[in-house]
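To start, the structure itself, in structure tokens.
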Amino acid sequence: MPEVYLELDWIPPFEFLGPHSEYNEEEEEKKYYRRKRLGVIKNVLAASFGAMIVYSVYVGLLQMQLILHYDTTYREVKYSNLGLEDIDRKMLMGINVTPIVGLLYTAVLIRFLGTKWMMFLASGIYALFVSTNYWERYYTLVPSAIAIGVAIVPFWASLGNYITRMAQLYYEYVNYEKEHVQEQKKLPKGACHSYIIVFHSIFNIIFHLSFVFAEFPMCLVLNRYLHDDKHTLYNVKFCGAKVSGVIPGFNTTVLTSLPRSMLLIQVESVLMGFAFLSMIIFLVLCGAAHRPTEEIDLRSIGWGNIFQLPFKHLRDYRLRLLCPFFIYSGFEILFAITGFSLTYGVCILGLKNLWLLVVVYGLSCSVFSSLSLLILRFPRWVCLMSGAVVHFILLVVLMAFSVQRKENQTYSEYMGPLLVITALWGLGSALNKTGLSTVIGMLYAEEKERLDFVYTIYRWWEAIAIFIVYLWSNMPMRAKLAILLATLLVASYCYWLMERRLAKDLRPRLPRIPRPRHKVIEEGVQSEFT
């Protein structure tokens with residue numbers, strides 16, 4: 001049998017270990033950072049939708065709960081011996097009073113848990129509040145309301161910090177070839193401002209839709225059980241600027257019949273499902289705000305320093321001069337939802353039209369939040385000052401707007417003007433909220449280690465303002481409007497003063513942040529030398 005020889009080319013072994021002939025390192029690097037940029041966009045959208053779902057569930061449930069508990073028949077038939085009205089007062093007190101001490105622990109919580117995990121934990125507390133409505137008792141509703149009060153400032157501070165941090169990361173992934181990015185040095189001044197503007201606009205466009213979705217339980221379920229305005233507003237004499245309190249003379253029976261318990265359980269179960277969905281979004285879809293080494297550095301400056309730094313940042317004249325705007329931001333958002341919508345909207349149009357006013361407000365806020373993109377082409381003061389001008393005109397109009405109710409008279413002709421005022425107020429709110437978050441992000445864009453402290457101060461002042469609005473509920477409407485107007489004028493003047501100082505290049509007084517202390521490494525180095 002003839003022998004067969006196969007000739008094989010000899011291939012050196014190092015050829016298998018060498019670089020692939022088709023491998024392009026530069027192209028692969030571009031693909032890698034493209035995926036990173038898409039991940040940042042995914043994080044921004046996930047945080048926006050998560051916050052929108054959380055807040056819509058919270059507002060929708062709280063609104064439905066307060067309307068049901070206000071009705072005397074519902075209280076007597078279902079919970080005659082519980083005193084639901086007193087429980088509601090203490091629950092609202094827990095939600096509005098507890099955030100006052102938020103400055104003491106917010107920065108510590110964010111540094112200890114991390115920005116992402118703080119958002120996840122806060123969304124879990126909101127879900128806890130929804131779950132307590134299955135069993136309405138003092139020992140379930142009031143503690144959960146206090147827990148929400150504790151979580152409010154950390155939650156919103158984390159969100160502002162997270163969105164701004166995503167803008168910084170996006171800049172780094174776009175400019176990954178630059179030396180200051182590779183060496184993780186401080187970003188050049190103004191380098192990531194455009195990304196901050198765009199990301200905060202996206203967040204506010206999505207988040208303000210929460211007011212729209214919050215009205216679904218009211219519109220789809222509760223509205224069919226409500227009396228018409230002839231019954232609920234029978235004893236109401238005046239609406240608008242002449243009113244003291246919320247709606248004097250409003251009927252204490254607003255339900256034609258009691259909703260079935262099983263129907264309420266089904267509604268709460270749907271809300272509970274969405275609350276869990278928001279938790280999953282924060283947990284799964286939101287990436288970390290900082291690299292692991294950065295988080296170690298942020299924590300290792302010492303917990304005592306972390307506790308003190310929010311207070312020390314108030315030395316910065318930029319934050320001090322923005323504080324009146326922080327306060328006005330808290331005033332105007334709660335006035336729109338509780339003051340204007342009730343004393344003007346419900347008092348004139350009836351409780352059945354409350355959902356329409358809130359939906360128009362939410363849609364207006366969402367659509368007009370896109371106007372903050374004008375900061376890409378115009379000075380940053382345009383956004384805040386435009387919102388201030390709109391609100392100034394509306395406050396003057398509302399001071400003169402009052403209606404005297406008469407028997408057997410319809411007030412549907414006021415529907416159009418009230419919806420226009422609501423939409424314009426939403427325009428001012430959108431410019432205010434988006435403008436403030438953007439301005440803070442732009443002022444501290446190069447100071448990523450200060451962002452959590454700065455947003456903590458912003459949300460803390462806003463929480464104090466909301467507490468003040470809670471206290472003034474029985475004041476005359478013209479006094480409330482006068483306080484809003486005075487705060488707006490002071491805020492506008494202080495903001496103009498801040499921009500003037502920045503134009504003169506007056507250097508702010510920033511507290512020194514200690515260098516990170518890595519105890520394990522230091523001890524290891526000392527043991528080597530000893």
task = Measure the distance from the SG of Cys323 to the SG of Cys494 and say whether it is below 2.5 Å.
result = no

Donor-acceptor pair between Tyr361 and Ser429 side chains, under 3.5 angstrom = yes

ask   = Between Ser364 (side chain) and Leu427 (backbone), is there a donor-acceptor pair under 3.5 Å?
value = yes

ask   = Do the side-chain N and O atoms of Glu446 and Gln168 include a donor-acceptor pair separated by under 3.5 angstrom?
value = no

request  = Using only heavy-atom distances, determine whether the side chains of His200 and Thr164 contain a donor-acceptor pair under 3.5 Å.
outcome  = yes

key: Salt bridge flag under 4.0 Å for residues Arg509 and Asp316   = no

Carboxylate-amine/guanidinium contact Glu172 Lys36, below 4.0 Å = no

Worked check of ring-ring contact (aromatic ring centres under 6.0 Å, His included) between Phe213 and Phe216 = CA-CA 5 Å; Phe213 293 110; Phe216 277 21; 5.5 Å; yes

ask   = Hey, is CZ on Phe49 packed in by over 12 heavy atoms from elsewhere, all under 6.0 Å?
value = no

request  = With side-chain hydrogen bond (donor to acceptor under 3.5 Å, both in side chains) as the test, would you mind laying out the steps for Trp425 and Glu332 before giving the verdict?
outcome  = CA-CA 9 Å; Trp425 194 275; Glu332 63 92 5; 3.3 Å; yes

query = Taking the six-membered ring of Tyr444 as reference, does the NZ or CZ atom of Arg318 fall below 6.0 Å from its centre and within a 45° cone about the axis?
reply = yes

key: Main-chain N/O of Phe207 paired with Ser210 side-chain donor or acceptor, under 3.5 Å   = yes

query = With under 30° as parallel and over 60° as perpendicular, where do the rings of Phe211 and His208 fit, or are they tilted in between?
reply = parallel

request  = Check whether any side-chain N or O of Ser386 sits under 3.5 Å from a backbone N or O of Val382 as a donor-acceptor pair, and report yes or no.
outcome  = yes

ask   = What's the shortest heavy-atom distance between Ala157 and Arg459, and which atoms?
value = N-CG, 3.7 Å

request  = Go through Lys242 and Val403 one step at a time and tell me if the side-chain contact (heavy atoms from CB on, under 4.5 Å) criterion holds.
outcome  = CA-CA 8 Å; Lys242 291 185 178 180; Val403 175; over 6 Å; no

task = Evaluate the ring planes of Tyr458 and Phe326, with Trp represented by its six-membered ring, and classify them as parallel (under 30°), tilted (30 to 60°) or perpendicular (over 60°).
result = tilted

ask   = Quick one: does Lys480's side chain have a donor or acceptor within less than 3.5 Å of a partner on Ser473's backbone?
value = yes

ask   = Are the side chain of Tyr105 and the backbone N or O of Val150 linked by a donor-acceptor pair below 3.5 Å?
value = yes

request  = Please report the shortest heavy-atom distance between Ala445 and Ile196, naming the atom on each side.
outcome  = CB-CD1, 3.6 Å

task = Kindly give the heavy-atom pair with the smallest separation between Thr343 and Gly245, and that separation in Å.
result = OG1-O, 4.1 Å

ask   = Taking the six-membered ring of Phe238, is NZ or CZ of Arg405 closer than 6.0 Å to its centre and within 45° of its axis?
value = no

ask   = Between Thr456 and Asp452, is there a donor-acceptor pair closer than 3.5 Å when you use the side chain of the first and the backbone of the second?
value = yes

remark   = All heavy atoms of Leu351 vs all of Met218, minimum pair found to be O-CE, 3.6 Å

task = Give the minimum heavy-atom separation between Tyr411 and Leu349, together with the two atoms involved.
result = O-CD2, 3.7 Å

key: Sidechain-backbone polar pair: Arg478 side chain, Val243 backbone, donor-acceptor under 3.5 Å   = no

task = Take Phe331 and Phe335 through the ring-ring contact (aromatic ring centres under 6.0 Å, His included) test and state the conclusion after the steps.
result = CA-CA 6 Å; Phe331 281 168; Phe335 174 78; 9.8 Å; no

ask   = Has Phe274 got more than 12 heavy atoms of other residues, nucleotides or ligands less than 6.0 Å from its CZ?
value = no

query = Should the pair Tyr55 and Trp156 be assigned to parallel (<30°), tilted (30 to 60°) or perpendicular (>60°) ring geometry?
reply = perpendicular

query = Relative to the ring of Tyr328, is the ring of Phe325 parallel (under 30°), tilted (30 to 60°) or perpendicular (over 60°)?
reply = perpendicular

request  = Please work out whether the ring planes of Tyr126 and Phe155 are parallel, tilted or perpendicular, with thresholds of 30° and 60°.
outcome  = tilted

inquiry  = Taking Lys433 first and then Glu462, would you say they form a salt bridge - that is, a charged N and a carboxylate O separated by under 4.0 Å?
reply    = yes

ask   = Can you tell me if Ser158 and Thr115 form a side-chain donor-acceptor pair at under 3.5 Å?
value = no

ask   = Hey, does the side chain of Arg380 reach the backbone of Val439 with a donor-acceptor pair shorter than 3.5 angstrom?
value = no

Donor-acceptor pair, side chain of Lys116 and main chain of Leu283, under 3.5 angstrom = yes

inquiry  = Looking at Thr434, is its backbone amide N or carbonyl O close enough to the side chain of Ser437 to form a donor-acceptor pair, meaning the two atoms are under 3.5 Å apart?
reply    = no

key: Closest non-hydrogen atom pair, Ile247 against Cys347   = CG2-SG, 4.0 Å

ask   = For the residue pair Phe112 and Trp117, is the inter-centroid distance of their aromatic rings smaller than 6.0 Å?
value = no

